[in-house]
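Once you've had a glance at the structure underneath, I'll fire off some questions.
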Amino acid sequence: MLKLSKMDVVGPYLPQTLQPGERGEAFAPSNIALCKYWGKRDTGLNLPINASLSVSLAHLGSKTTITPATGAEDQVCLNGDLLAADSRFATKVVDFVDLFRGDLNQPLRIETHNNIPTAAGLASSASGFAALMLALDDFYQLKLEPPVLSAFARMGSGSASRSVFEGFVEWQMGHRDDGMDSHAFQLSARWPGLRIGLVKVATGEKKVDSRAGMQRTVESAHLYQSWPLQAAADLEKLHQAILAQDFALLGETAEQNALSMHATMIASWPPLLYWQPDSVAAMHKVWQLRAEGLALYFTMDAGPNLKLLFEAEDQAAIEQQFPDLEVVNPFPAG
Ligand code: 2P0
């Protein structure tokens, strides 16, 4: 069967005549998955093999502004710097914008600011593509519904589908060829006492990015066959944990889910091990503290850094153990 292109998918949702405004602006939060997205059934549209569930990081994320460019070329800026047109980031941004600007060919200035602490080693593609999608919706006055915005953000980067929403967010995998049922939605439950601590182990570009890493895993790890079953079971447990506000169940499930994902990476060929010695040392520290009675768990993504999960009442004790911890409250009041 012929695969649909991103342009095929977006086309029907655009008006006959685009009405660009003076300015489009949006913020989107970064997110941390408690049940991970790992593996695609369609690499062009970023359609996942499993559903995932995340928590958005409130004020930490990306802000994107779109205005008409003054010259004849697009201008892409990141954190105040104008990027070379052929840089990786600028090319990805312009390719995504091209899906929406139709025949107008109006050159745009696209400015992105990330307020994610660089020390945290968090990926910015999730919040970046979500903010870009929301800013495009604002600039062209598309007035797309949230599920559509999420499905389109997903075509920029899978995890961006979740960054369109705040709080707990589930990305349903969907089954359609055009992927329009593969979008995220916000869960109504909140957890005001939940805290996420960002532990810096290492910064800098990783050698194998998530996109290449998950593809390698799908193609070469026999162990990957068990991943969709693990993810489905964990998703169910997370729903139970959130409903009952059962922190031990939430923490155990998130930690086991992350380690199961890493097991499939390690079982790939060539092997994919994102952990550094300091990552393993931090894991042992978490397990030791837990053995001593602290309700502390971790999750990890495609990198060496740990994200700690704990509750507000334990924050002081945990900050004592991890002095450089950046603590996020994902459910701020108001
Ligand atoms: C997640 N990760 O659920 C998982 C866990 C990394 C490990 O989503 O190829 O940058 O752009 O769809 O979204 C990172 O993958 O990959 C990611 P693409 P993306 O958070």
Side-chain angles (χ1 to χ4, degrees), residues 6 28-57 60-62 88-89 91-93 95-96 114 116 120-133 150-165 168-174 179 182-184 196 198 205-206 208-219 224 227-228 230-232 234-235 238 253-266 268 272-275 279 298-307 309:
K6 295 177 190 177
S30 185
N31 75 76
I32 303 289
L34 303 176
C35 178
K36 308 293 186 186
Y37 150 52
W38 198 250
K40 304 179 195 197
R41 65 175 193 280
D42 182 324
T43 52
L45 301 177
N46 293 332
L47 298 179
I49 288 174
N50 65 281
S52 55
L53 191 151
S54 60
V55 57
S56 286
L57 295 187
L60 290 187
S62 307
R88 228 169 92 94
F89 184 86
T91 316
K92 280 170 81 169
V93 167
D95 284 351
F96 192 75
N114 293 327
I116 304 162
L122 282 180
S124 54
S125 70
S127 56
F129 276 105
L132 178 57
M133 183 62 244
S150 169
F152 287 174
R154 186 245 307 136
M155 296 195 296
S157 192
S159 49
S161 65
R162 301 187 308 238
S163 275
V164 167
F165 302 99
F168 289 120
V169 180
E170 181 171 340
W171 170 14
Q172 61 187 24
M173 57 182 285
S182 182
H183 60 76
I196 295 182
L198 309 172
E205 286 278 304
K206 45 196 176 196
V208 182
D209 66 13
S210 298
R211 191 160 295 194
M214 65 177 86
Q215 203 46 28
R216 183 189 296 182
T217 310
V218 171
E219 286 166 7
Y224 183 76
W227 169 250
Q230 174 83 40
D234 289 344
L235 190 68
L238 287 169
T253 307
E255 187 172 306
Q256 191 180 18
N257 182 271
L259 289 170
S260 301
M261 175 185 71
H262 280 274
T264 71
M265 299 173 181
I266 297 167
S268 304
L272 200 51
L273 182 67
Y274 285 106
W275 305 348
S279 316
F298 69 83
T299 183
M300 291 180 77
D301 294 297
N305 301 308
L306 274 70
K307 287 98 186 194
L309 301 167

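Each ligand, and each atom within it, is numbered from 1 in the order the structure gives.
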* Per-atom contacts of ligand 1 with Lys40, taking only distances under 4.0 Å to non-hydrogen atoms -> 9 (O), 12 (O), 18 (P)
* For Asn31 and Arg162, does a side-chain donor sit closer than 3.5 Å to a side-chain acceptor? ->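 The criterion, which ignores hydrogens and geometry beyond distance, is satisfied for Arg162 and Asn31.
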* To do: For Met214, take its heavy atoms, then give the atoms of ligand 1 lying under 4.0 Å from any of them.
  => 15 (O), 16 (O)
* Compute the shortest N/O to N/O distance between Trp38 and ligand 1 and return yes if it is under 3.5 Å, no if not. => no
* Asked: Will you find, in the side chains of Ser125 and Ser157, an N or O donor that is under 3.5 Å from an N or O acceptor?
  ->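 Yes, side-chain donor-acceptor contact under 3.5 Å.
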* Ser125 neighbourhood, listing ligand 1 atoms whose heavy-atom distance to it stays under 4.0 Å -> 10 (O)
* Asked: Is ligand 1 under 4.0 Å from a heavy atom in the side chain of Ser210, in the backbone, in both, or in neither?
  -> side chain
* Structure fact -> Quick note on ligand 1: atoms under 4.0 Å from a heavy atom of Ala33 include exactly 1 (C), 3 (O), 20 (O)
* **Subset of ligand 1 atoms that lie under 4.0 Å from at least one heavy atom of Met261** => 5 (C), 7 (C)
* Asked: Between Asn50 and Trp227, do the side chains contain an N or O donor and an N or O acceptor separated by less than 3.5 Å?
  -> yes
* To do: Take the angle between the ring planes of Trp275 and His262 and call it parallel below 30°, perpendicular above 60°, tilted in between.
  => tilted
* To do: Please determine which of Lys6, Arg154, Lys40 meets the side chain to side chain donor-acceptor pair (under 3.5 Å) test together with Asn46.
  => Lys40
* **Candidates Ile32, Asn257, Leu259 - the one meeting side chain to side chain contact (heavy atoms under 4.5 Å, CB included) with Thr299** =>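 So, applying the side chain to side chain contact (heavy atoms under 4.5 Å, CB included) to Thr299 and each of Ile32, Asn257, Leu259, only Ile32 qualifies.
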* Is the closest side-chain heavy-atom distance between Phe129 and Met155 below 4.5 Å? ->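 In short, these two side chains do not touch, never coming nearer than 4.5 Å.
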* To do: Could you say whether the N/O atoms of Asn31 and ligand 1 ever approach to under 3.5 Å?
  => no
* **Under 4.0 Å to a heavy atom of Asn46 - the qualifying atoms of ligand 1, by number** => 12 (O)
* Would you mind telling me if ligand 1 is within reach of the side chain of Arg154, the backbone, both or neither, using heavy atoms under 4.0 Å? =>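 Under 4.0 Å from ligand 1, Arg154 contributes no heavy atoms.
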* Run down the list Ser157, Gly213, Ser54, Ala212 and name the one with the heavy atom closest to atom 10 (O) of ligand 1. => Ser157
* Structure fact -> Among Ala302, Ser30, Ala160, the residue with a heavy atom nearest to atom 7 (C) of ligand 1 is Ala302
* Polar-atom distance check: Gly158 versus ligand 1, any N or O pair below 3.5 Å? -> yes
* Nearest 0.5 Å please: distance from the CE atom of Met133 over to the OG atom of Ser163. =>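 So the gap between those two atoms works out to 14.0 Å.
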* Mind checking whether Lys36 has an N or O less than 3.5 Å away from an N or O of ligand 1? -> no
* Hey, is Lys36 close enough to Asp234 for a salt bridge, meaning N to O under 4.0 Å? -> no
* Asked: So which bit of Arg162 gets within less than 4.0 Å of ligand 1, heavy atoms only: side chain, backbone, both or neither?
  ->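 Near ligand 1, Arg162 shows its side chain, while the N, CA, C and O stay back.
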* Any luck finding a side-chain donor-acceptor pair between Trp171 and Ser182 under 3.5 Å? ->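 There is such a pair (donor and acceptor under 3.5 Å, judged by atom type) between the side chains of Trp171 and Ser182.
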